Amino acid sequence: MTLAERARRVIPGGVNSGQRSIPGLTDLVITRTQGSRFWDSTGREFTDYHAAFGPPLLGHNDPDVAAAVAAARASLSLTGVAVTEGEVLLAEQLAELVPSIEKVLLTSTGSEATFHALRLARAVTGRRLVVKFQGCYHGWHDAVSLNVISAPDRIGRPDPTSTGILPEVLDATLVLRFNDVEAVRRAFADHGDDIAAVILEPVPHNVGALLPTDDFLRTLREECTRAGSVLVFDEVITGFRHALGGYQEVAGIVPDLTTLGKAIANGAPVGALGGRADLMEHFSSRPGGPVFFAGTYNGHPDVVAAASATVRKLREEPVHEHVFRLGDRVRRELDALYRRLDVPAVVTGFGSVFVTYFMPGPAPRSYDDLLANDASRFVGYRRHLVEQGVFELPLNLKRSHLSYAHTDADVDRLLEATERAVGAMLADGGADDLRHTSTMGGARH
Ligand code: PMP
């Protein structure tokens, strides 16, 4: 029996997170990672553009992060009785770097960070509603477990990703179109007094990359300020990856709370929730009752060391310069490739993140625009890419990531392999099993 078969006997679905069970790749077992590469149990090598949904911005097994973790491990493990110096230094750095962060707490995952952000917002405002946007994913917990793809006819009516969620929880969430300024104004006009929080990915990377308009982000800031609602930027993907200060630094809009994860520790399990001191202070014990916050592994010395080493490297080395340059090159040359092949495609993304939608332009601004994307082409060419040892996740609407470990030679190979993969996809017509489905077939993480 293969390892994958044994996995399916003892692990539900054979994997430990949704969307690791990929049609056509259910026998894949990973054995090794290094830099821009991973290897499977049959010895096949893949250049990794999936990057675990985003954490390894420096590349897999970054030697400086690994050394920092080893050094921490040699002298300190978890006691759970008080703060450590590493936690203080990391919090000071986050407060210095991220415009909205005055105080910050560490979690182990991004989902915990968004969970606590929304609980805090409800606690401090005494209000019920949370506004989220189509195309944005914020974790697995009930308050946000709504399909990132709420179909257009379900706008305002959440579409749960899971069974077992109380209808009351779903009823307390409004789903709006991303970049729809009018919808935001209307939601605040109709429900402003009851809106505790607005949460968004400033760039909804969970459906590839929808770039926000300045007007949209400014409107969110204005309406939240006017109504006394808490504006939460979920920067679990964009934090550190797009800038040390997150996308809020790029956009020049300061939210009230920010959630971080993924790239902040280059793959070690850590999330963070930070923001205005007057809000974050509610997490400390105080008369009138704190907002409860806890976690056995929060601030674990290993992950704190990983995060601190990641920050140090991002500050000291031209990491952003490198990944932005490669990202621009990939987008520019892929765009030229699709023009040359006369294949309708939109190549988009930001910095180190890139994605190609198989649709006519212009670049999509909301999930509705993505209904024009040809899912069978999107998945089909990626299946051919994987066959060539170039790993872009063959699931609809998934983004790809570059890291500091990727080189121009990797990009040369990516471009050559893409040309062959697109040719093969055009010859076989795309992914058979997706030909009759729309893009509604689920997209998250
Ligand atoms: N927010 C965003 C924007 C995410 O992309 C994710 C995970 N993909 C999460 C929150 C949840 O993070 P985690 O999987 O670490 O719980």
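On a predicted model such as this, the values are computed, not experimentally measured, just so you know.
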Does a side-chain heavy-atom distance below 4.5 Å link [X] with [Y]?
| X | Y | value |
| --- | --- | --- |
| I22 | L393 | yes |
| F358 | Y381 | yes |
| N396 | N373 | yes |
| T310 | L57 | no |
| I253 | L220 | no |
| L395 | V379 | no |
| S36 | Y49 | no |

Which heavy atom of [X] sits nearest a heavy atom of [Y], and at what distance?
| X | Y | value |
| --- | --- | --- |
| G349 | A209 | CA-CB, 3.6 Å |
| V346 | P362 | CG2-O, 4.1 Å |
| G192 | A227 | O-CB, 4.0 Å |
| L120 | H282 | CD1-CB, 3.7 Å |
| G13 | S21 | O-OG, 4.2 Å |
| E392 | S400 | OE1-OG, 2.6 Å |

Checklist entry - Can you pull the side-chain hydrogen bond (donor to acceptor under 3.5 Å, both in side chains) pairs that have at least one residue in residues 291-309, sequence neighbours excluded? => result R73-D302
Checklist entry - How would you list all residue pairs meeting side-chain hydrogen bond (donor to acceptor under 3.5 Å, both in side chains) that involve residues 250-261, not counting sequence neighbours? => result S100-T258, R221-D256, D234-T259, Q248-T258, D256-R276
Under the side-chain hydrogen bond (donor to acceptor under 3.5 Å, both in side chains) rule, collect the residues that match up with [X], sequence neighbours excluded.
| X | result |
| --- | --- |
| T84 | E87 |
| R119 | none |
| T356 | none |
| R325 | D408 |

Next on the checklist: For R20, give me all partners under side-chain contact (heavy atoms from CB on, under 4.5 Å), at least two apart in sequence or on another chain.
Outcome noted: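 So R20 forms a side-chain contact (heavy atoms from CB on, under 4.5 Å) with V15, N16, S17.
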Check the side chains of [Y] and [X] for a donor-acceptor pair under 3.5 angstrom, ignoring hydrogens and angles.
| X | Y | value |
| --- | --- | --- |
| S352 | R241 | yes |
| T47 | D410 | no |
| Y404 | E317 | yes |
| Q93 | R312 | no |
| E222 | T225 | no |

Checklist entry - For H60, what residues pass the ring pair (Phe, Tyr, Trp, His ring centres under 6.0 Å) criterion, not counting sequence neighbours? => result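 Applying ring pair (Phe, Tyr, Trp, His ring centres under 6.0 Å) to H60 gives none.
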Checklist entry - Excluding sequence neighbours, so at least two apart, what forms ring pair (Phe, Tyr, Trp, His ring centres under 6.0 Å) with H50? => result F53
Next on the checklist: Between M359 and D374, does the side-chain contact (heavy atoms from CB on, under 4.5 Å) criterion hold? Intermediate values first, please.
Outcome noted: CA-CA 6 Å; M359 59 188 275; D374 184 328; over 6 Å; no
Next on the checklist: Does atom CG (D328) have a neighbourhood of more than 12 heavy atoms from anything else shown, all under 6.0 Å?
Outcome noted: yes
Whether [X] side chain and [Y] backbone form a donor-acceptor pair below 3.5 Å:
| X | Y | result |
| --- | --- | --- |
| T348 | A363 | no |
| R122 | R128 | yes |
| E281 | D278 | no |
| R218 | T213 | no |

Ion pair present between [X] and [Y], side-chain N to carboxylate O less than 4.0 angstrom?
| X | Y | value |
| --- | --- | --- |
| R413 | E416 | no |
| R331 | D335 | no |
| E96 | R315 | yes |
| R37 | D48 | no |

Going by the ring-ring contact (aromatic ring centres under 6.0 Å, His included) test, which pairs reach into [range], not counting sequence neighbours?
| range | value |
| --- | --- |
| residues 210-264 | F133-F216, F178-F216, H205-H242, H242-F350, Y247-F350 |
| residues 89-130 | F115-H141, H116-F293 |
| residues 84-107 | none |

Next on the checklist: Pair T31, F38 - check side-chain contact (heavy atoms from CB on, under 4.5 Å), show working.
Outcome noted: CA-CA 8 Å; T31 50; F38 67 74; over 6 Å; no
Item to check | Test side-chain contact (heavy atoms from CB on, under 4.5 Å) applied to K132 and L200, step by step | outcome: CA-CA 6 Å; K132 79 174 285 291; L200 69 152; over 6 Å; no
Item to check | Verdict with reasoning, L25 to V386, per side-chain contact (heavy atoms from CB on, under 4.5 Å) | outcome: CA-CA 10 Å; L25 293 175; V386 171; 4.1 Å; yes
Next on the checklist: Using the rule given for salt bridge (charged side-chain N to carboxylate O under 4.0 Å, His left out), can you reason through D368 versus R177, listing the C-alpha separation, both sets of side-chain angles and the distance that settles it, and then say yes or no?
Outcome noted: CA-CA 8 Å; D368 290 1; R177 276 192 185 87; 2.4 Å; yes
Next on the checklist: As a quick check of understanding, evaluate side-chain hydrogen bond (donor to acceptor under 3.5 Å, both in side chains) for D215 and N179, giving each step before the final call.
Outcome noted: CA-CA 8 Å; D215 194 24; N179 273 329; over 6 Å; no
